[in-house]
2 protein chains.
Amino acid sequence: MACLCEQIAGSGIDLSPVCIGHLWIFQNLEADEVEALSREALRKKSTAGQALFLQGDPTDEMFLIKGGRVKLSKVLEDGTELTLDIRKAGDFVGENMFSEEGRYPISAYCIEDTLTCGFSRSQFEQLVLQHPKVGLQIIKNLSERIAWLTRRVGSLAVTNIEDRLYRVLTSVAKEHGMTSPQGTIIQFPLTHEDLSFLIGAHRVSITRAMKALKAAGKILHEDKRLILPGLKIA
Amino acid sequence: MACLCEQIAGSGIDLSPVCIGHLWIFQNLEADEVEALSREALRKKSTAGQALFLQGDPTDEMFLIKGGRVKLSKVLEDGTELTLDIRKAGDFVGENMFSEEGRYPISAYCIEDTLTCGFSRSQFEQLVLQHPKVGLQIIKNLSERIAWLTRRVGSLAVTNIEDRLYRVLTSVAKEHGMTSPQGTIIQFPLTHEDLSFLIGAHRVSITRAMKALKAAGKILHEDKRLILPGLKIA
DNA sequence: TCCTGCATGTAACAACTGCTACAGAAAGAT
DNA sequence: ATCTTTCTGTAGCAGTTGTTACATGCAGGA
């Protein structure tokens, strides 16, 4: 498929097979409209560690991740950092764009080299007005995000750290994992510190909880990769 | 204004001044369309304690609260109950309707006598397709919900119960509070047990945290009403 | 090779929260 | 008024987590 992205990405990044034209959001557009959009979208190549946007920046852009991985995190008032989500190729980032507040409530950092397509708010609004079905698709996607966040709230409300860890691992495995005969494998390495940000607990507590989960047979650790034996991907 | 709601509600419920025609979502509709919608909407009167829907029910309806107050809560796997949000007249409930899962991830209970207008999913989809601007409005509203939930996740991630309580009180006061010379007053009574569900902590811990907050001067307690002196409503 | 930096594992103690039990206060009901 | 129920406040103890400190293992660079 002819796609600008491939030329821009070069060889360093594994691209998602999803290009704009294939994306669920744009399913109901005409070929020439897709092409027009594709021309307008702002490609950006970011290296690991760079930020797409920072908490407090004005919300004027929304990103489609073409390749790589992006971490969404929030700095709380007491200075603690909390990782909300890790998004991968094919996902959107910046769904708060339409919020009245006008500022991102979170930061988005690339944790791998990443290629994104950006859309401005006005581009989007125009698109929705011209293509109501696109609006419906977005509404559904936002609904999913809300359901996901609702589950996330549930995870954090569990006081027990061991359970919280297992929930988060399960959730990560479902979104980024790969099925294998032994169970679901989480592809990329997660340090205990990464997990402590995801869970909102001390690093040492993660070590304790991991030990307990391993002892209970709920997780395995092979070649720096985590495996959840009791989990099948839907 | 002539509105069916008033006739149905009777005298027991304080109605929101917002009727369908005035609601932000329907701002860009023609008068006759508003009227058609108003006819189609399913009014329902519920008494305190009744559920609008339960966790696990199929998601086929979305509600506009005309009067009263509704509590959204989630039962976690370990049996704990967590209150996610308390919504008031003028708010929507059931924004998960469009999610793929097809089941509500939470329950909605009336905590006061409540009058609601219900819309089915198909009604809504049709509406969005015919009026793209309505779609945009909904997208913005869902964006707000996402921002709100993001803050909620932040609140729960704070391990300290005293801070968590203060955040939750602040949030409740912003949504339901009234400005007074002393600060923002939370109108309706919240028992320590209610708060324990909102915060995900033991009832006794709430009592302890309340004591600490009072001692620190961050909250006042007058006539069963909570007052936050250091808070102005935007 | 050694050194350095980073991730992991362990230990001990302090602090906090959950849990249970009980007592007094407040609000309704009969 | 009396009884009942619900809410609030207190106390003590057990269990969990935060915090700090240190040891180990592993990888990359000089």
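Note on naming: letters A, B, ... go to the chains in the order of the sequence lines (proteins, then strands), and numbering restarts at 1 for each one. What you are looking at is a predicted structure, and each value in this text was computed from that prediction instead of being measured.
Considering only side-chain N and O atoms, S205(A) lies under 4.0 angstrom from the phosphate OP1 or OP2 of dG18(D). For the OP1/OP2 pair of dG9(C) and a distance below 4.0 Å, the side-chain nitrogens and oxygens of K214(A) include at least one atom meeting the criterion. Side-chain nitrogen and oxygen atoms of K211(B) include at least one within less than 4.0 Å of the OP1 or OP2 phosphate oxygen of dT10(D).
Heavy atoms of T191(B) sit under 4.0 angstrom from primed sugar atoms or phosphate atoms, though from no base atom.
In this structure, the NE2 atom of H221(A) is 10 Å from the C1' atom of dT8(C), given to the nearest Å. Here dT16(D) presents its P atom at 11 Å from CG of D163(A), a figure rounded to the nearest Å. I161(A) places its CD1 atom 13 Å from the C1' atom of dG15(D), with the value rounded to the nearest Å. Summarising the geometry, the separation between CG on N160(A) and C1' on dT17(D) is reported as 11 Å, rounded to the nearest angstrom. Atom P of nucleotide dA7(C) and atom CG of L226(A) are separated by 15 Å, given to the nearest angstrom. Atom CD of E162(B) and atom P of dT17(C) are 8 Å apart (whole Å).
The CG atom of L84(A) lies 6.0 Å from the OG1 atom of T150(B); values are rounded to the nearest 0.5 Å.
A pairwise comparison of heavy atoms in I186(B) and R225(B) identifies O-CD, 3.3 Å as the closest pair. The two residues M178(A) and Q187(A) come nearest to each other via the heavy atoms SD-NE2, 2.5 Å.
Using a 4.5 Å cut-off on side-chain heavy atoms (C-beta onward), D60(B) and R121(B) make no contact.
Exactly one residue among L165(B), L213(B), I227(B) makes a side chain to side chain contact (heavy atoms under 4.5 Å, CB included) with I219(B). That residue is L213(B).
For the segment residues 192-204 of chain B, the set of residues with a heavy atom within less than 4.0 Å of an atom of DNA chain D comprises H192(B), E193(B), R203(B), V204(B), in numerical order.
Sorted by first and then second residue, the salt bridge (Lys or Arg N to Asp or Glu O under 4.0 Å) pairs with a member in residues 144-170 of chain B read E77(A)-R167(B), E101(A)-R151(B), D85(B)-R145(B); sequence neighbours excluded.
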